[in-house]
Amino acid sequence: CVRAEPFHRVTPLLESWALSQVAGMPVFLKYENVQIAGSFKIRGIGHFCQQMAKRGCRHLVCSSGGNAGIAAAYSAQKLGIPVTIVLPESTSKQVVRRLEGEGAEVQLTGKVWDEANVRAQELATRDGWVNVSPFDHPLIWEGNASLVRELKESLRTPPGAVVLAVGGGGLLAGVVAGLLEVGWQHVPIVAMETRGAHSFNAALLAGRLVTLPDITSVARSLGAKTVAARTLECAKECEVLSEVVEDREAVRAVQRFLDDERMLVEPACGAALAAVYSGILGRLQTEGRLSPALDSVVVIVCGGNNISSQQLQELKTQLNCS
Ligand SMILES: COC[C@H](NCc1c(COP(=O)(O)O)cnc(C)c1O)C(=O)O
């Protein structure tokens, strides 16, 4: 039987003394890094998979080698449905082991995600098979919107801004859907990307979708070469401030967050935290793009599984940021 309640858990929203000191205003952290399956992804992916199971789906397939793939494998296991994860041949053994540990069948094909995705779409033409998009489907956005309902429950009054990271734009689209639902559509969103995965920023500047030639950022989880078309509509419905940080700022933010809050997150999440640690919020206030007197800001700590103390050391050496 398909369970009615969602797979995700309500996560803590905690004021961070350390980040509030850095920002010069109250910073509330939404800890999606302690979410089931290690990131916020389970909100959208779990909801999508449950709905597909209700519609008779018998086999899930997903081309995400990252957190969406882990969330899809977890969801399939909860639903008792087989799942195939299609990944580029370069995928780390750690990720393959983790996915197989969640009961998924893993197929390695192609050099990059796009080639694996072609294979996943081919498989999804089989009868009863459904392809799970990491970020580009209304059910994914609907599931991600649950995060804002929790913010409303915890905060009651709207925050001065919400800070989040953008890869393909599924989190952004979900947060916009949630803000509209709870009547907080006037709350500005600071959309963070790393250079080399800045497909949303490029699309906003061009006024249309832009496909990056390659993903050159170390924040692999932000590595969608083209954002969901829905994100451009979001930028019209809400006030979305797009900012891009360098990889070394994202990795430095990961290190500072580890020291400040004793939690280890991916560089993708470091991109969001860099809005505080790299003084971007203060600059936006100086530029008049954010109100000079924000009573609070919420940063979504999106989490991510693909990080370890060894990987952090290697990233710091590679980017020579001590
Ligand atoms: C390419 O990758 C898309 C997706 N990661 C997306 C992701 C994001 C960005 O979320 P999005 O904007 O794609 O909804 C932020 N923070 C973390 C930890 C993530 O894993 C994936 O796992 O396949």
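In what follows, residues are counted from 1 in the order of the sequence shown. Only heavy atoms go into these numbers, but all of them, side chains included; no hydrogens, no water, no symmetry mates. Order of appearance sets the numbers: ligands from 1, and atoms from 1 within every ligand.
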Taking all non-hydrogen atoms of both residues, which atom of R98 and which atom of A37 are closest, and how far apart?
-> NH2-CA, 4.3 Å
At a 4.0 Å threshold, what atoms of ligand 1 neighbour a non-hydrogen atom of G168?
-> 11 (P), 12 (O), 13 (O)
Please indicate whether any nitrogen or oxygen in G169 is less than 3.5 Å from any nitrogen or oxygen in ligand 1.
-> yes
What are the atoms of ligand 1, with element, lying closer than 4.0 Å to any heavy atom of G304?
-> 18 (C)
Could you tell me whether the side chains of Q94 and N305 share a donor-acceptor contact shorter than 3.5 Å?
-> no
Flag the pair E193 / S199 as yes when at least one side-chain heavy-atom distance between them is below 4.5 Å, and no otherwise.
-> yes
Relative to the heavy atoms of P134, which atoms of ligand 1 are at a distance of less than 4.0 Å?
-> 23 (O)
If you measure every N/O of E266 against every N/O of ligand 1, is any gap under 3.5 Å?
-> no
Side-chain contact test, heavy atoms from C-beta onward, threshold under 4.5 Å: evaluate it for P88 versus T109 and give yes or no.
-> no
Here the atoms of ligand 1 under 4.0 Å from any heavy atom belonging to G303 are 18 (C)
Return a yes/no value for A68: is any of its N or O atoms, backbone included, closer than 3.5 angstrom to an N or O of ligand 1?
-> yes
Hey, looking at atom 9 (C) of ligand 1, which of C269, A271, G167 has the closest heavy atom?
-> G167
Does even one non-hydrogen atom of V166 get within less than 4.0 Å of ligand 1?
-> yes
Mark up the atoms of ligand 1 that fall under 4.0 Å of a heavy atom belonging to L222, in ascending order.
-> 8 (C), 9 (C), 15 (C)
Can you list the ligand 1 atoms lying under 4.0 Å from a non-hydrogen atom of C302?
-> 15 (C), 16 (N)
Between E100 and I85, is any pair of side-chain heavy atoms under 4.5 Å apart?
-> no
Ligand 1 to S64, heavy atom cutoff 4.0 Å, flagged ligand atoms 21 (C), 22 (O), 23 (O)
Quick check: does any side chain N or O of N144 sit under 3.5 Å from a backbone N or O of G170, one acting as donor and the other as acceptor?
-> yes
So, the side chain of R156 versus the backbone of S154: is there a donor-acceptor pair under 3.5 Å, distance only?
-> no
With no hydrogens and no angle check, do the side chains of T11 and Q35 hold a donor and an acceptor under 3.5 Å apart?
-> no
Can you find a pair of side-chain heavy atoms, one from T194 and one from V218, that are under 4.5 Å apart?
-> no
The atoms of ligand 1 lying under 4.0 Å from a heavy atom of G66, numbered in the order shown, are 22 (O)
Closer than 4.0 angstrom: is that true for some heavy atom of F40 and an atom of ligand 1?
-> yes
Does some side-chain heavy atom of V299 sit less than 4.5 Å from a side-chain heavy atom of F28?
-> no
Heavy atom under 4.0 Å from ligand 1: found in S221's side chain, backbone, both, or neither?
-> both
